[in-house]
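Right, one structure below, let's go through it.
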Amino acid sequence: MHIDHIGIAVKDLESAISVYEKLLNRPCTKKERVDSEMVETAFFETGESKVELLGATSPDSVIAKYIAKKGEGLHHVAFEVTDIHAELKRLRSEGFTVLNDEPKDGADNKLVAFIHPKDNNGVLVELCQGK
Ligand code: ZN
């Protein structure tokens, strides 16, 4: 298991992209809207892992609500797994709160599911599996 990406909630995706292009000294490699989550994402390749910038496309988006409550910043850490269904079953049996009944389509052509931050010392954890 490795960290696939770190998700960062941003108010203005375009301005955040130019900040991270300067910070990381490389271009954004992929932009993608995820309508089910009401977000637009932008990815930067950083070795084995990626940085995912997340901007809300609607005030009802979880990202808009997160920023209203906590401000911009680290939103989640995503671990890549080879069998997301088996991993969710294992985590449920360990008492973790899985926020999705079933894995759903996420950005970057992945199946994703989230584990509640209260179970992970305050960090929202995403599990993702390539399709
Ligand atoms: Zn993510």
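Counting convention: from 1, in listed order, for ligands and their atoms alike.
For Thr41 (side chain) and Leu54 (main-chain N/O), no donor-acceptor pair under 3.5 Å exists by modelled atom type. Using modelled atom types, one side-chain atom of Ser93 and one backbone atom of Arg90 make a donor-acceptor pair closer than 3.5 Å.
There is no side-chain donor-acceptor pair under 3.5 Å between Glu80 and His5. Side-chain atoms of Glu52 and His76 form a donor-acceptor pair, as typed in the model, at a separation below 3.5 Å.
Summary: OE1 is the N/O/S atom of Glu52 found nearest to the Zn ion (ligand 1). Taking the Zn ion (ligand 1) as reference, the nearest N/O/S atom within Glu126 carries the name OE1.
Inclusion of His75 in the first shell of the Zn ion (ligand 1) is not supported: no N, O or S atom falls under 2.8 Å. For the Zn ion (ligand 1), the set of nearby N, O or S atoms under 2.8 Å includes none belonging to Cys128.
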